[in-house]
Amino acid sequence: MVPMRFRLLLVALLALPTATVASELAVREYRSDDTLLTMGRHRFDNGRLLNLSVGIGSGAFRHPDDPPNVFWTVGDRGPNLTCKDFRSAAQMELPACRETKNARIFLTPSYAPSIYRVMLTDAGLFRITDVITLKDRDGAPLNGLPNPLRDSTTETPLDGRGKPLDRDVHGIDAEAIIRLTDGTFWVSDENAPSIVHVSSDGRIITRHVPKGTEADFAGARYGVVGSLPAILAKRQLNRGIEALAVSRDERFLFFMLQSPLANPDTAAFRTSRNVRLFQIERTSMQIVGEYVYELDDPKTFRRDPSGDQADVRVSEMTVVGTNHLVVLERTEVTTKLYEIDLGNATNIHNTSWDHVATAPSLEQVNLAEAMVAPVKKALRFDTADFPNIAGKTEGVAVLPDRALVLINDDDFGIAGARTQIVVVRGLTFGEQR
């Protein structure tokens, strides 16, 4: 007979959430030579050429009614660089960078963010079978330029030669996508931040923004509603909403910030591990849940460990069961997939944590000391075990056989990356366990 103390230890060990052993998984890579992914060359003033590609991997989603080898992706705001990245890519300085705060260089300012229908083939390739450009209600394509925000930090756009560009209320930095049974889409936007309801042909139906920021979008040729919590205007620059999911019955939307809010300031963002996750009743667009997802220590990302907490971010999530979602947590090179359970997490909606005046803020506290239970998270996959998987994985979709599709954001080829799709089989989630 097994002694009682060993039986108790065995029960405890079996109850612990564990990652699937890497050797039990089947991982297949898909590449593409599709000409739709070719964007051409950009010539800098010094004559240096940059080969650009069409980035399609900022988010991914497969609807149950889609064919088994088909899913949808979304690309972000086109080829854009910080001043530091411009120096590296062009091998030259852009004089306007020295005098422009929060400068962002847009090599193709007219680029229209788009939705892509992607098909996997038996030959290990993927094809783009449809492209849906995001448009205003009149059918004019949107762009990826920063919005003219007053209550949130924003960027100053420049073209490839340093000429100032106007901010635009129609700018969208698309980062996540879901598709509903009625054929419409929801897309998350990192900049405003916002979530956007999109018709099947790509026209914006409604853009939902933080309460109190509606005036920032005056003149927009689509509906603007201040239905998101006002505190989201405190998002750190370029760290808005990057994860979006929908319940299986399509009653609820879930969205999560990429990073902790800059609440009350950037110093809080840089050191915090507390990211806000929201649940919305889709018909009324009322927030019904707000939870905290706690980021990992940056030293635990084995392909590129660091001591900077701000290196860690959330880029995607998808529903795998009731109250269960898969969250993609990453650095530049390493990606972890966590299964999370909302069931026993503290719902902080309509509490003092939603007030900007609360001090210390949610982003500044130790959750245990504040008596806030974060969502439970269990590691299911780590790309550190698979060195052939590209960095900056940002999209996750679920295939009919419960395999996961991963896709990277190639940043339009600026640093030489190309789009890679990986299918992982053998993982188990939610009710499968």
Side-chain angles (χ1 to χ4, degrees), residues 17-20 58-64 71-74 175-180 185-188 190 193 195 228 240-260 273-282 287-296 312-330 335-349 367 372-383 393-407 424 427-433:
T18 57
T20 305
S58 287
F61 182 81
R62 182 189 168 275
H63 190 276
F71 61 100
W72 300 84
T73 69
V74 68
E175 292 289 350
I177 183 172
I178 60 173
R179 182 171 180 261
L180 302 182
F185 300 90
W186 282 88
V187 171
S188 79
E190 187 176 14
I195 58 174
L228 304 187
I241 300 172
E242 192 154 334
L244 185 64
V246 62
S247 61
R248 288 174 173 174
D249 60 6
E250 299 187 355
R251 181 183 173 189
F252 298 106
L253 299 176
F254 302 88
F255 71 87
M256 184 158 33
L257 277 294
Q258 186 182 24
S259 300
R273 296 171 65 179
N274 304 333
V275 182
R276 298 176 189 241
L277 186 162
F278 296 86
Q279 180 178 4
I280 302 178
E281 202 282 319
R282 187 173 62 84
I287 302 288
V288 296
E290 180 182 356
Y291 309 95
V292 182
Y293 178 93
E294 195 169 22
L295 296 171
D296 281 4
V312 185
R313 64 205 79 181
V314 171
S315 282
E316 180 75 294
M317 63 180 174
T318 191
V319 168
V320 291
T322 303
N323 286 330
H324 283 247
L325 299 94
V326 168
V327 172
L328 190 160
E329 185 177 340
R330 70 171 181 87
T335 295
K336 301 180 187 182
L337 296 182
Y338 279 100
E339 180 176 352
I340 67 168
D341 182 0
L342 305 181
N344 295 312
T346 303
N347 186 346
I348 63 172
H349 175 54
L367 294 179
V372 174
V375 299
K376 291 183 178 179
K377 52 189 288 193
L379 183 64
R380 300 294 183 226
F381 185 75
D382 189 337
T383 61
T393 301
E394 292 197 5
V396 177
V398 183
L399 296 181
D401 62 356
R402 306 285 285 179
L404 289 188
V405 173
L406 308 180
I407 184 170
V424 183
L427 296 170
T428 56
F429 300 99
E431 63 269 22
Q432 290 181 302
R433 288 184 171 267

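Hydrogens, waters and symmetry mates are skipped; everything else that's a heavy atom, side chains included, is used. Nothing fancy with the numbering, it's 1 onward along the sequence.
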If you look at every heavy atom in [X] and [Y], which pair is closest and at what distance?
X      : Y      : value
Pro260 : Leu295 : CD-CD1, 3.9 Å
Ile287 : His349 : O-NE2, 3.1 Å
Val319 : Val246 : CG2-O, 3.1 Å

From the list Thr346, Val275, Leu277, side-chain contact (heavy atoms from CB on, under 4.5 Å) partner of Tyr291 resolves to Leu277

Examine distances only and state if a side-chain atom of Thr393 and a backbone atom of Ile407 form a donor-acceptor pair shorter than 3.5 Å.
no

Residue pairs passing the salt bridge (Lys or Arg N to Asp or Glu O under 4.0 Å) test with at least one member in residues 315-328, sequence neighbours excluded, are none

By side chain to side chain donor-acceptor pair (under 3.5 Å), Glu294 pairs with (sequence neighbours left out) none

Hey, does [Y] have a side-chain heavy atom less than 4.5 Å from the side chain of [X]?
X      : Y      : answer
Arg313 : Glu329 : no
Val187 : Ile195 : no
Leu244 : Ile177 : no
Arg282 : Glu250 : yes
Arg276 : Glu290 : yes
Trp72  : Arg62  : no
Tyr293 : Tyr338 : yes

Between Asp296 and Lys377, does any NZ, NE, NH1 or NH2 come within less than 4.0 Å of an OD or OE carboxylate oxygen? yes

Just by distance, with hydrogens left out, do Glu242 and Ser315 show a side-chain donor and acceptor under 3.5 Å apart?
yes

(message) Are Trp186 and Phe255 an aromatic pair, judged by ring center distance below 6.0 Å?
(response) no

